[in-house]
Undergrad: 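This is the structure, below, for whatever I ask next.
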Amino acid sequence: MKQHTGLAEPGSVEVGARALGLPNGMAASFAVTGYPYEVHAGWLEPLLTYPGRLDVSLHIEPVPQMVAAMRLRRRLARLESASRADAEHGRLLDFVTEAAADDATELAAGLARGHGRLFKVGLYLTVHAATAAELDAEVERVRALAASLLLDAQPTTFRAMQGWVTCLPLGCDAVGMTRSFDTAALSAAFPFTSPDLAVPAGDTAVLYGMTSSGVVLWDRFAQDNHNSVVLARSGAGKSFFTKLEALRLLYHGVEVAVVDPEDEYARLARAVGGSYLRLGAAGVRWNPFDLPVGQGPKDDVLARRALFLHTLIATMLGTPIGPQARAVLDAAIIGTYAAAGITRDPATWSRAAPLLGDLVGTLAKCRDGKELATQLAPYVNGSHRELFDGPTTTTPAGHLIVFSLRDLADEIKPVGVLLALDAVWRQVANPRNRKKRLVVVDEAWLLMREAEGARFLFRMAKAARKHWAGLAVVTQDAADLLGSELGQAIVANAAGQILLRQAPQAIGTVGDAFDLSEGERQFLLTAEQGEALMVAGPASRTGFRVVASASEAELITSDPAELARIEADEAEPYDVGDGDPL
């Protein structure tokens, strides 16, 4: 190559036989004409992570099915003819021809069954450097890298301009040196994959974030179970990530239900037209005695409701209920329903359900139930009565349901979480309304502190897959989740585990629970906001940065400064001089 001496015009291009002189340097382009026989997912990663400036352009053009079938027939005919000619002339068997014939036969059979398609693919490289000498050195390194991948990269001699234009983001293949690929080979060559996360992805795959070599796509409904766990210290971005996944799953038609302790999902719910229920707000009532609707006569709805009330009341009291007290409570629950005219007969299930006050009245009449009645008094005529003092005021429904618990006192937030999960589970477990659903439990440590609540969450994690639902457990307190057998079981039943920045005090517990290497532990200790480690098994894990568009970030941000700016922008502006609206 001759020395690049500069350009006459600032916007001009000097065209050489193999290189271009650009205003800010030089460039040389290559077309890949030879490919390896077998490839694995993400095999183009070395080219994408090349430390110099290298443009990689992949042009894909689908071949019509009829044209592909005709070409394959011709190809098979030529290969068969060559094999017969060699046999007639007594030549040795050509193994290359035989392998090509086998591949063509397999590909033709796959196309005939609709298992894939045929594509024309062109792979082009453009190397950039400041001077001709630097360009020569870069070209040698890139060609050596391509050769190590069994790629034959040929320079676009006398077509330097066409090669450079082909690598620009114009969607124009000016070189036209293509190769036929089937669907499997093309998907392996596609650069937007993470080779470290070898898991299946389906039609509900969600973009989680970017890696150094591509993107992380995760489809929780394509895994053996649909659950996930998100662990991070406060401020690491766990709620931002969870809201982003929920929003993107809504694009796919997945119904999402959220237990929101801090009122962080309100703006998202308003933007997408979701249902927003504020437990603890004035005028909002929730009756835990309501029977699920839409159940068949074979379902023992009354017995299931009684079992849930055992769990709820144990959470209200904050202590496990002993065997004798449990027996008294069970008899009182059945008696309270019977006093309202509700029995095991399905014909009675549509009648108005009793209230918590009715149960306390029944317990007060029993000699052995007076103590339980006294302990439940704050929820009936005390400071916590407002939520339970009347029939249910709102039945949540829709593609996004948010239960806000901010208005509840801290002492009864575990009770609110349990009530919200119960309401969601009634919809999830309804066999007459099956669809993909995601249940998000934000700040799950609120429920994990209570033994009965932790057991309820564990049962949900075990049974969600059977009802085509996924459970996303989000918490900033790793000790509450990993410090108990039930918490560890919830983690074990999560196919996807997302770890963001961890506190030094918790890294030992988290590292041991997820079998993290020393490098992964250091990554989690020093991760910036939004950086995470995706764990999907011992051999499938990768670090990534959560990415969101400007409109998505505006909907889901929890940063007080950002929220103040957004609220100021949304406020109607006024002229300071005369006070009239602008």
Side-chain angles (χ1 to χ4, degrees), residues 259 261 278-291 301-344 351-393 403 405-423 445-457 459 480 484 486:
V259 181
R278 296 175 58 187
L279 296 181
V284 177
R285 304 289 186 270
W286 193 264
N287 184 13
F289 283 78
D290 288 339
L291 296 178
V301 173
L302 186 60
R304 292 180 181 273
R305 185 82 324 222
L307 291 175
F308 169 73
L309 289 171
H310 280 276
T311 302
L312 176 65
I313 292 172
T315 305
M316 287 177 168
L317 301 180
T319 57
I321 302 176
Q324 183 177 356
R326 185 175 291 273
V328 173
L329 177 62
D330 188 70
I333 292 173
I334 299 302
T336 302
Y337 273 113
I342 299 175
T343 64
R344 294 185 182 275
R351 295 175 180 173
L355 301 176
L356 182 62
D358 299 325
L359 174 63
V360 172
T362 303
L363 287 170
K365 296 176 182 177
C366 303
R367 185 183 62 182
D368 297 329
K370 295 183 183 297
E371 183 178 354
L372 283 175
T374 302
Q375 291 175 318
L376 289 173
Y379 297 95
V380 176
N381 49 32
S383 56
H384 303 325
R385 71 182 184 279
E386 188 169 1
L387 181 61
F388 306 99
D389 190 19
T392 300
T393 55
F403 292 86
L405 310 181
R406 189 180 66 174
D407 296 320
L408 288 175
D410 291 340
E411 294 79 7
I412 63 170
K413 276 191 176 180
V415 176
V417 174
L418 194 58
L419 289 173
L421 288 178
D422 172 63
W445 60 271
L446 290 170
L447 196 59
M448 293 301 299
R449 293 183 304 180
E450 307 293 338
E452 291 295 333
R455 277 192 283 271
F456 186 86
L457 196 62
R459 289 195 295 269
D480 280 342
S484 65
L486 288 175

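All values below were derived from every heavy atom in this structure, side-chain atoms included, with hydrogens, water molecules and symmetry-related copies excluded.
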Undergrad: Using the test ring-ring contact (aromatic ring centres under 6.0 Å, His included), find all partners of Phe289 that sit at least two apart in sequence or belong to another chain.
TA: Tyr337
Undergrad: Under the rule for salt bridge (Lys or Arg N to Asp or Glu O under 4.0 Å), what residues qualify as partners of Arg351, not counting sequence neighbours?
TA: none
Undergrad: Ignoring hydrogens, what is the shortest heavy-atom contact between Pro391 and Arg285? Give both atom names and the distance.
TA: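 Here Pro391 and Arg285 meet closest at O-CB, 3.1 Å.
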Undergrad: Grab the two heavy atoms, one from Glu386 and one from Gly283, that are nearest each other, plus how far apart they are.
TA: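 Between these two residues, the closest heavy atoms are OE2-N, 3.7 Å.
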Undergrad: Under the rule for side chain to side chain donor-acceptor pair (under 3.5 Å), what residues qualify as partners of Asp389, not counting sequence neighbours?
TA: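 Listed in chain order: nothing, the list is empty.
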Undergrad: List for me each residue that meets side-chain contact (heavy atoms from CB on, under 4.5 Å) alongside Thr392, sequence neighbours excluded, and say none if there are none.
TA: Trp286, Asn287, Asp290
Undergrad: Taking all non-hydrogen atoms of both residues into account, name the closest pair between Gly280 and Leu387 and its distance.
TA: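 Heavy atoms of Gly280 and Leu387 come nearest at N-CD1, 4.0 Å.
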Undergrad: Would you please classify the geometry between the Tyr379 ring and the Phe388 ring as parallel, tilted or perpendicular, with 30° and 60° separating the classes?
TA: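 Rings of Phe388 and Tyr379: perpendicular, as their planes differ by over 60°.
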Undergrad: Mind checking what makes side chain to side chain donor-acceptor pair (under 3.5 Å) contact with Thr319, not counting sequence neighbours?
TA: none
Undergrad: Nearest 0.5 Å, please: how far is CG in Leu486 from CE in Met448?
TA: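 The distance works out to 6.0 Å.
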Undergrad: Working to the nearest 0.5 Å, report the span between CG of Leu457 and CD of Glu450.
TA: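 If I round to the nearest 0.5 Å, the distance is 13.0 Å.
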Undergrad: Considering all heavy atoms of both residues, which atom of Leu376 and which atom of Ile313 are nearest to each other, and what is their separation?
TA: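 Smallest heavy-atom distance, with atoms named: CD2-CG2, 4.0 Å.
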Undergrad: Can you confirm whether more than 12 heavy atoms, excluding those of Lys365, are under 6.0 Å from its NZ atom?
TA: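 Counting neighbours around NZ of Lys365, 12 or fewer heavy atoms of other residues, nucleotides or ligands fall under 6.0 Å, so no.
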Undergrad: Which donor-acceptor pairs under 3.5 Å do the side chains of residues 354-363 make with protein atoms, sequence neighbours left out?
TA:
| unit_1 | atom_1 | unit_2 | atom_2 | d |
| --- | --- | --- | --- | --- |
| Asp358 | OD2 | Leu355 | N | 2.8 |
| Thr362 | OG1 | Thr336 | OG1 | 3.1 |
| Thr362 | OG1 | Asp358 | O | 3.0 |

Undergrad: Tell me, please, which residues at least two apart from Ala451 pass side-chain contact (heavy atoms from CB on, under 4.5 Å).
TA: Arg455
Undergrad: Please test Leu418 against Phe308 for side-chain contact (heavy atoms from CB on, under 4.5 Å), starting from the C-alpha separation and ending with a verdict.
TA: CA-CA 10 Å; Leu418 194 58; Phe308 169 73; 3.9 Å; yes
Undergrad: Looking at residues at least two apart in the chain, or sitting in another chain, which of them share a side chain to side chain donor-acceptor pair (under 3.5 Å) with Arg385?
TA: none
Undergrad: Could you state the interatomic distance from CZ (Arg344) to CD1 (Ile342), rounded to the nearest 0.5 Å?
TA: 13.0 Å
Undergrad: Got a sec, which pairs hit salt bridge (Lys or Arg N to Asp or Glu O under 4.0 Å) with one end in residues 408-423, sequence neighbours left out?
TA: Glu262-Lys413, Arg305-Asp422, Asp410-Lys413, Asp422-Arg426
Undergrad: In Å and rounded to the nearest 0.5 Å, what is the CG to CD distance from Leu447 to Glu452?
TA: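 Answer for the CG-CD pair, Leu447 versus Glu452, is 10.5 Å.
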Undergrad: Can you give me the closest heavy-atom contact between Gly416 and Leu408, atom names plus distance?
TA: CA-CD1, 3.7 Å
Undergrad: Mind checking what makes side-chain contact (heavy atoms from CB on, under 4.5 Å) contact with Glu371, not counting sequence neighbours?
TA: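 So Glu371 forms a side-chain contact (heavy atoms from CB on, under 4.5 Å) with Gln375.
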Undergrad: Taking only residues two or more places apart in sequence or in another chain, which ones pass side chain to side chain donor-acceptor pair (under 3.5 Å) with Arg406?
TA: Asp263
Undergrad: Residues two or more places apart in sequence or in another chain: which of them pass side-chain contact (heavy atoms from CB on, under 4.5 Å) with Ala281?
TA: Arg278, Val284, Asp407
Undergrad: Would you check, one step at a time, whether the test side-chain contact (heavy atoms from CB on, under 4.5 Å) holds for Leu372 with Leu317?
TA: CA-CA 9 Å; Leu372 283 175; Leu317 301 180; 3.7 Å; yes
Undergrad: What distance separates Ile321 CD1 from Thr311 OG1, expressed to the nearest 0.5 Å?
TA: 8.5 Å
